[in-house]
K.L.:
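Quick one: the structure is below, and I'll ask about it shortly.
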Amino acid sequence: MPENSVSADLQTGSDKMVEWTDFERDTIKDIFSRIEYDVVGPAALARCLVVYPWTQRYFSGFGNLYNAAAIKGNPMVSKHGTTIMHGLDRAVKNLDDIENTYTELSVLHSEKLHVDPDNFKLLADCLTIVVAAQLGKEFTGEVQAAFQKFLAVVVSSLGRQYH
Amino acid sequence: MSLSDKDKAAVRALWSTISKSSDAIGNDALSRMIVVYPQTKIYFSHWPEVIPGSIHIKEHGKKVMGGIELAVSKIDDLKTGLFELSEQHAFKLRVDPGNFKILNHCILVVIATMFPKEFTPEAHVSLDKFLSG
C-alpha cells in the first residue's frame with residue numbers, strides 16, 4: 001500500500017512512525033491556518049451530534065440537545081467544539097509525535113470520559129465535511145487524502161491508551 | 001435504518017437542488033475515492049487506466065448517480081427497488097460492502113464542497129441514512 005494512503009495499520013495502532021510527505025505537511029498546516037477554530041469546531045461537533053445521535057450520550061450534562069436547532073445553538077457544544085480544534089492544533093504542531101502528544105488525552109477519553117473510540121472516527125468524518133464546505137473547490141482529492149490521513153493518525157493515537 | 005417522512009422529504013429536496021450537477025458529482029466522488037482510498041482501485045483494474053477525471057471514471061460516475069436517482073424514485077421501498085443492483089454488486093462485481101460506505105463518504109464530501117449552504121446537518125443526516133440504506 002502506498003505510504004501516503006490512509007493505511008489500515010493506523011487503525012490497529014502500529015508502532016511504526018508515521019511518515020509525512022512535504023505535500024501532506026504543507027496541506028495540513030495550510031488548512032489549519034485558514035479555518036476558524038471557533039466556527040469549524042462547533043459546526044463539526046454539532047453535525048456529529050445530529051448525524052450520529054448516539055454520540056449525544058457523552059454530552060448529557062450539556063443541557064438541551066433536543067433537536068438540530070438546539071444542538072447548533074447550545075453554547076456548551078460550541079465551547080467544546082472549539083476545545084477540540086485546539087486539541088487538534090497540538091497534533092498539527094507535533095506531526096512527528098502525535099502519539100505521545102495525545103497520551104494524556106487518550107487516557108482522559110478512555111478512563112474518565114469513557115468514550116467508545118469508534119466515535120472519534122465519526123467526528124473526524126464530520127470535521128472533513130465541514131472543512132470541505134469551507135474550502136469548496138480547493139478541497140481536492142489530494143487535499144482530502146492528506147487531511148484524512150492526519151485525522152486517522154489522531155484517531156488512532158486517541159485510542160492507544162484504551163485497555 | 002428506516003427513513004422517516006422528514007428524511008424522505010429532505011432527501012428529495014436536496015436531490016432536486018443537486019441533480020443538475022449529478023454528472024460532476026459522480027465524477028468528483030469517484031475521482032476522490034480512488035485518490036483518498038487507493039485500495040478501491042482494484043475494482044477498476046479492467047480499465048486501461050484508473051485516474052481521476054478519466055473517461056471511464058466520468059462514465060461510471062454517471063452510472064452511480066443514475067443509481068442514486070433510481071433510489072430517490074424508489075425511496076418508499078429501497079429494498080425492493082434496488083434489489084437487482086444489490087445482487088449485481090454482491091454476486092457479479094463482488095464488491096466488499098465496506099466500500100459503499102467509502103463511496104458514500106466521498107459523495108457527501110463532494111456535496112459539501114459544491115452546496116455548502118444546502119448541506120446542513122439536517123440534510124446530511126437524512127442523506128447519510130438514505131445512502132446507507
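Only heavy atoms go into these numbers, but all of them, side chains included; no hydrogens, no water, no symmetry mates. Labels below follow one simple rule: chain letters A, B, ... track the order of the sequence lines, proteins then strands, and each chain is numbered from 1. The structure presented is a predicted model; accordingly, all values stated were derived computationally and were not measured.
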K.L.:
If you define the side chain from C-beta out and look only at heavy atoms, does anything of Gln144(A) sit under 4.5 Å from Val109(B)?
P.N.:
yes

K.L.:
Can you tell me if Phe23(A) has over 12 outside heavy atoms packed within less than 6.0 Å of its CZ?
P.N.:
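More than 12 heavy atoms, drawn from other residues, nucleotides or ligands, come within 6.0 Å of this atom.
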
K.L.:
For Val36(B) versus Ala145(A), what's the shortest heavy-atom pair and its separation?
P.N.:
CG2-N, 3.8 Å

K.L.:
Answer yes if Ile34(B) and Val95(B) sit in the same cluster of Ile, Leu, Val, Met, Phe, Trp and Tyr residues linked by side chain heavy atoms under 4.5 Å apart, and no otherwise.
P.N.:
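Yes; tracing contacts between hydrophobic side chains, which count when under 4.5 Å, links both residues.
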
K.L.:
Heavy-atom distance under 4.5 Å to chain B: side chain of Ile129(A), backbone, both or neither?
P.N.:
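For Ile129(A), heavy atoms of backbone and side chain both lie under 4.5 Å from chain B.
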
K.L.:
Please evaluate residues Lys72(A) and Glu122(B) with respect to the criterion salt bridge (charged side-chain N to carboxylate O under 4.0 Å, His left out), reporting the C-alpha separation (whole Å), side-chain torsions for both, the decisive distance (0.1 Å), and the verdict.
P.N.:
CA-CA 11 Å; Lys72(A) 278 189 267 194; Glu122(B) 295 90 326; 3.2 Å; yes

K.L.:
Give, for atom NZ of Lys101(B) and atom CG of Asp125(A), the distance between the pair rounded to the nearest 0.5 Å.
P.N.:
9.0 Å

K.L.:
Can you tell me if Lys20(B) has over 12 outside heavy atoms packed within less than 6.0 Å of its NZ?
P.N.:
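Enclosed: over 12 neighbouring heavy atoms sit under 6.0 Å from NZ of Lys20(B).
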
K.L.:
Do Val155(A) and Val107(A) belong together in a cluster built from hydrophobic side chains that touch within less than 4.5 Å?
P.N.:
no

K.L.:
Between Gln148(A) and Tyr37(B), what is the shortest heavy-atom contact and its length?
P.N.:
NE2-OH, 2.6 Å

K.L.:
Taking atom NZ as the centre, does Lys79(A) end up with more than 12 heavy-atom neighbours from other residues, nucleotides or ligands that are less than 6.0 angstrom away?
P.N.:
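Open.
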
K.L.:
List in chain and number order the residues that pass ring-ring contact (aromatic ring centres under 6.0 Å, His included) with Phe62(A), two or more places apart in sequence or in another chain; answer none if no residue qualifies.
P.N.:
Phe59(A)

K.L.:
Do Thr128(A) and His105(B) come close enough that some side-chain heavy atom pair is under 4.5 Å?
P.N.:
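Counting from C-beta outward, Thr128(A) and His105(B) do come under 4.5 Å.
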
K.L.:
Just checking heavy atoms, which of residues 28-52 of chain A are less than 4.5 Å from chain B?
P.N.:
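Heavy-atom contacts from residues 28-52 of chain A to chain B are Arg47(A), Val50(A), Val51(A), Tyr52(A).
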
K.L.:
So for atom CZ, which belongs to Arg12(B), do other residues, nucleotides or ligands contribute more than 12 heavy atoms lying within a distance under 6.0 Å?
P.N.:
yes

K.L.:
I'd like to know if Phe100(B) and Ile42(B) are part of one continuous hydrophobic network [Ile/Leu/Val/Met/Phe/Trp/Tyr, side-chain heavy atoms within less than 4.5 Å].
P.N.:
yes

K.L.:
Under a 4.5 Å side-chain heavy-atom rule over Ile, Leu, Val, Met, Phe, Trp and Tyr, are Val115(A) and Met76(A) clustered together?
P.N.:
yes

K.L.:
Please determine whether the number of non-hydrogen atoms from other residues, nucleotides or ligands lying under 6.0 Å from atom CG of Leu113(A) exceeds 12.
P.N.:
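Above 12, so yes.
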
K.L.:
Are Pro116(B) and Gln134(A) side-chain neighbours, meaning at least one heavy-atom pair lies under 4.5 Å?
P.N.:
no

